[in-house]
**Q** 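Provided herewith is a single structure, encoded as structure tokens, for subsequent inquiry.
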Amino acid sequence: MDHIFSSHLNELITKLNQLSKVPVRESIIQLSVDAPALPLLSWLAAQNQFPKLYWHGRDRDEDVAAIGACKSFFVEEHADDNVLAQIYQQQRNKTNQQDIRYYGGLAFDRTVESWPEFGRAHFILPRIELRRNGNKIRILLNLNFDGTDPQQEIQAALTTIKQVQKPRPLSPPHKMSLMGRSDLPRYERWKELVEQVTQDKFNQTTPKVVLSRHTQIDVNDDIDPWTVLACWQGRNPNSFQFGFQFSQQRAFISCSPERLYLRRQQELFTEALAGTTVRGLNPDEDNLLAQALLDDIKNSNENQLVRQHIVNVLTPLSQYVGADEHPKIFKLNHIQHLHRSIRAQIKPGVSDFELLRALHPTPAVGGLPREAALNFIRQREGYTRGWYAGACGYFNRNESEFSVAIRSALIEPRRINLFAGAGIVAGSDPIAEWQELENKLATVLSILIDF
């Protein structure tokens, strides 16, 4: 711990020692010290304590890196939403501290098996959390005295602090050799599925199904997830950027353009993000493509369906819901989307879990109507989505934020699993939709592979 940061960590140790001399008054206590900013992904990559997580919201100058867990909620088997909501409410009542955040995620489909360690839902209260705002960092230390021996909990926190590694530069990005690639479903099967969804009879009852593909890339070297995330972040700065690594074996990273919701007290912000085209090679071509997307009936209908669904599910939970009448263009590096903002005033007493249950999975990643589309995906898609297209973010008393985990990758030793989806509606063309999947993988593939 011999680095510039160590004096600030020593301050935390002093606070811990003071805490050990007084009776514990709350179940959860958070200690904090201020420090000068440092690159959080570099710090995180240097740490060897798990879990590790990173979070950066889309519209703000805050990012977070955290290690360890003093409390975790892990649901491996069937997850009952009411039970989860109850657990979370009980947990919230254990402290009055306003800054406590539980970070984690929910699988895309919590009725089926998910990935090892990630489970159907997994949230943690980190042991050490670094929150950067501008050129300042707050180092937060969380202690959980609920059902634990206070001295043991303080000792566990001391051990974590003493094992903090000094930050070092991220391993430089290097292109890897592609040893193998497989797609699930393969194109022939994809074509069959698209044709099933676009049949008149099916389409009348289920106007939209979001079909996705798992692309497994085998490479000749291990991949540092935090280096990949840093490169991806540089290319899509106007996205959510986050990563969760519960053990050495697997890391899930995402650079997602899509917000599920942001709640500030009773005010809720969400959006309809659906309808996609590519970026142009110059400003004129880019504007023409954007205008063509706005004028395209299929894409406009798709976005309108999503908007209508979100308004419908929020209405019973809200005193007021307002949505953009007309879509705008949301630009990313390789593609552009149709986007409508939606905001609501939530009724008192509505919890984050009720919001998650109402909004997730969105029609932009599942389809419409939700249950019919999810059934089709469950039975036909042919692989486990896990946290791909799931909901990742954090709960907090005053402000909670979740992103939809699209544009994401599950990194394993010498393997990267990539995911992309496309909304299939009447008139969808299998070849064009398959190409859309390729467009969505273009940014992350260009970071990883030397073609």
Side-chain angles (χ1 to χ4, degrees), residues 28 30 53-66 69 71-75 79 81-108 110 120-126 129 131 133 138 140 142 239-244 254 256-271 273 310 313-314 316-321 341-362 365 387 389-406:
I28 291 164
Q30 188 175 69
L53 71 89
Y54 177 81
W55 174 263
H56 175 73
R58 189 179 66 191
D59 310 321
R60 59 175 72 189
D61 185 30
E62 178 199 70
D63 58 346
V64 178
K71 175 80 182 171
S72 63
F73 302 97
F74 176 55
V75 182
D81 282 343
N82 295 324
V83 174
L84 290 177
Q86 224 173 338
I87 292 170
Y88 172 61
Q89 284 308 116
Q90 286 166 355
Q91 197 59 28
R92 250 181 71 157
N93 297 338
K94 286 175 182 169
T95 179
N96 289 317
Q97 285 187 287
Q98 301 298 309
D99 259 344
I100 301 285
R101 288 183 188 174
Y102 296 85
Y103 295 89
L106 304 172
F108 165 73
R110 281 168 293 148
R120 302 181 192 207
H122 198 163
F123 285 89
I124 60 165
L125 175 59
E129 193 179 334
R131 285 188 209 165
N133 261 303
R138 285 174 67 217
L140 303 168
N142 294 311
S239 287
F240 290 91
Q241 297 125 17
F242 51 90
F244 291 90
S254 177
S256 171
E258 188 173 354
R259 166 174 286 146
L260 183 65
Y261 75 85
L262 166 65
R263 176 187 62 78
R264 291 199 174 117
Q265 304 285 15
Q266 299 307 111
E267 205 175 359
L268 181 95
F269 304 90
T270 181
E271 61 197 22
L273 191 77
I310 294 171
V313 296
L314 283 178
L317 303 176
S318 310
Q319 289 165 331
Y320 156 84
V321 184
S341 295
I342 299 164
R343 62 189 188 287
Q345 189 68 26
I346 299 301
K347 288 176 181 169
V350 170
S351 79
D352 279 304
F353 254 96
E354 287 171 87
L355 295 172
L356 281 172
R357 187 166 48 193
L359 293 168
H360 170 69
T362 71
V365 292
W387 278 26
C392 291
Y394 65 85
F395 292 124
N396 167 268
R397 188 181 290 261
N398 293 328
E399 177 179 289
S400 299
E401 184 164 41
F402 282 83
S403 170
V404 181
I406 53 175

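Values reported hereafter were calculated over all heavy atoms of this structure, with side chains retained and with hydrogens, waters and symmetry mates removed.
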**Q** Could you check whether any side-chain heavy atom of R264 comes within less than 4.5 Å of a side-chain heavy atom of N398, counting everything from C-beta outward?
**A** no
**Q** Is N142 reaching over with its side chain to a backbone N or O of P126, donor-acceptor style, under 3.5 angstrom?
**A** yes
**Q** Which heavy atom in N396 sits nearest to a heavy atom in I100, and how many Å separate them?
**A** ND2-O, 3.0 Å
**Q** What orientation do F402 and F123 show, parallel under 30°, tilted 30 to 60°, or perpendicular over 60°?
**A** perpendicular
**Q** Can a side-chain donor-acceptor contact be found between N82 and R357 if the only test is distance below 3.5 angstrom?
**A** yes
**Q** When you measure from the side chain of Q265 to the backbone N and O of R263, does any donor-acceptor pair fall under 3.5 Å?
**A** no
**Q** Counting only heavy atoms not in R343, do more than 12 fall under 6.0 Å of its CZ?
**A** no
**Q** For the pair Q91 and F73, evaluate side-chain contact (heavy atoms from CB on, under 4.5 Å) and give the outcome as yes or no after the intermediate values.
**A** CA-CA 10 Å; Q91 197 59 28; F73 302 97; 3.5 Å; yes
**Q** What closest approach, in Å, do I406 and S254 show between heavy atoms, and which atom pair accounts for it?
**A** O-OG, 2.9 Å
**Q** To the nearest 0.5 Å, what is the distance between CG (L260) and OG (S400)?
**A** 11.5 Å
**Q** S318 side chain to I346 main-chain N or O, any donor-acceptor pair under 3.5 Å?
**A** no
**Q** Are E399 and Y394 side-chain neighbours, meaning at least one heavy-atom pair lies under 4.5 Å?
**A** yes
**Q** Centroid-to-centroid, F244 to Y103, below 6.0 Å?
**A** no
**Q** Should the pair F108 and H360 be assigned to parallel (<30°), tilted (30 to 60°) or perpendicular (>60°) ring geometry?
**A** perpendicular
**Q** Return the orientation label for the H122 and W387 ring planes: parallel under 30°, perpendicular over 60°, tilted otherwise.
**A** perpendicular
**Q** So, for I28 and L125, which heavy atoms are closest and what is the spacing to 0.1 Å?
**A** CG2-CD2, 3.9 Å
**Q** Kindly indicate, with the supporting measurements, whether the criterion side-chain contact (heavy atoms from CB on, under 4.5 Å) is fulfilled by V75 and R110.
**A** CA-CA 9 Å; V75 182; R110 281 168 293 148; over 6 Å; no
**Q** Evaluate the side-chain proximity of E129 to D99: yes if any heavy-atom separation is below 4.5 Å, no if none is.
**A** no
**Q** Is a side-chain N or O of R58 found less than 3.5 angstrom from the main chain of S403, in a donor-acceptor match?
**A** no
**Q** Indicate yes or no: at least one non-hydrogen side-chain atom of Y261 is less than 4.5 angstrom from one of L356.
**A** yes
**Q** Would you check, one step at a time, whether the test side-chain contact (heavy atoms from CB on, under 4.5 Å) holds for Y54 with D63?
**A** CA-CA 7 Å; Y54 177 81; D63 58 346; 2.8 Å; yes
**Q** Are L359 and L314 side-chain neighbours, meaning at least one heavy-atom pair lies under 4.5 Å?
**A** yes
**Q** Can you find a pair of side-chain heavy atoms, one from R259 and one from E401, that are under 4.5 Å apart?
**A** yes
**Q** Under a 4.5 Å cut-off applied to non-hydrogen side-chain atoms, are E258 and T362 in contact?
**A** yes
**Q** Can a donor-acceptor pair be found, under 3.5 Å and without considering hydrogens, that links the side chain of E354 to the backbone of S351?
**A** yes
**Q** Under a 3.5 Å distance rule, please check whether S72 uses its side chain to pair with a backbone N or O of I124 as donor and acceptor.
**A** no
**Q** Is it true that a side-chain atom of Q30 and a backbone atom of L140 form a donor plus acceptor pair closer than 3.5 Å?
**A** no
**Q** Would the distance check show the side chain of H56 and the main-chain N or O of E62 forming a donor-acceptor pair, the cut-off being under 3.5 Å?
**A** yes
**Q** Under the 3.5 angstrom rule, does the side chain of S256 hit a backbone N or O of A405 as a donor-acceptor pair?
**A** no
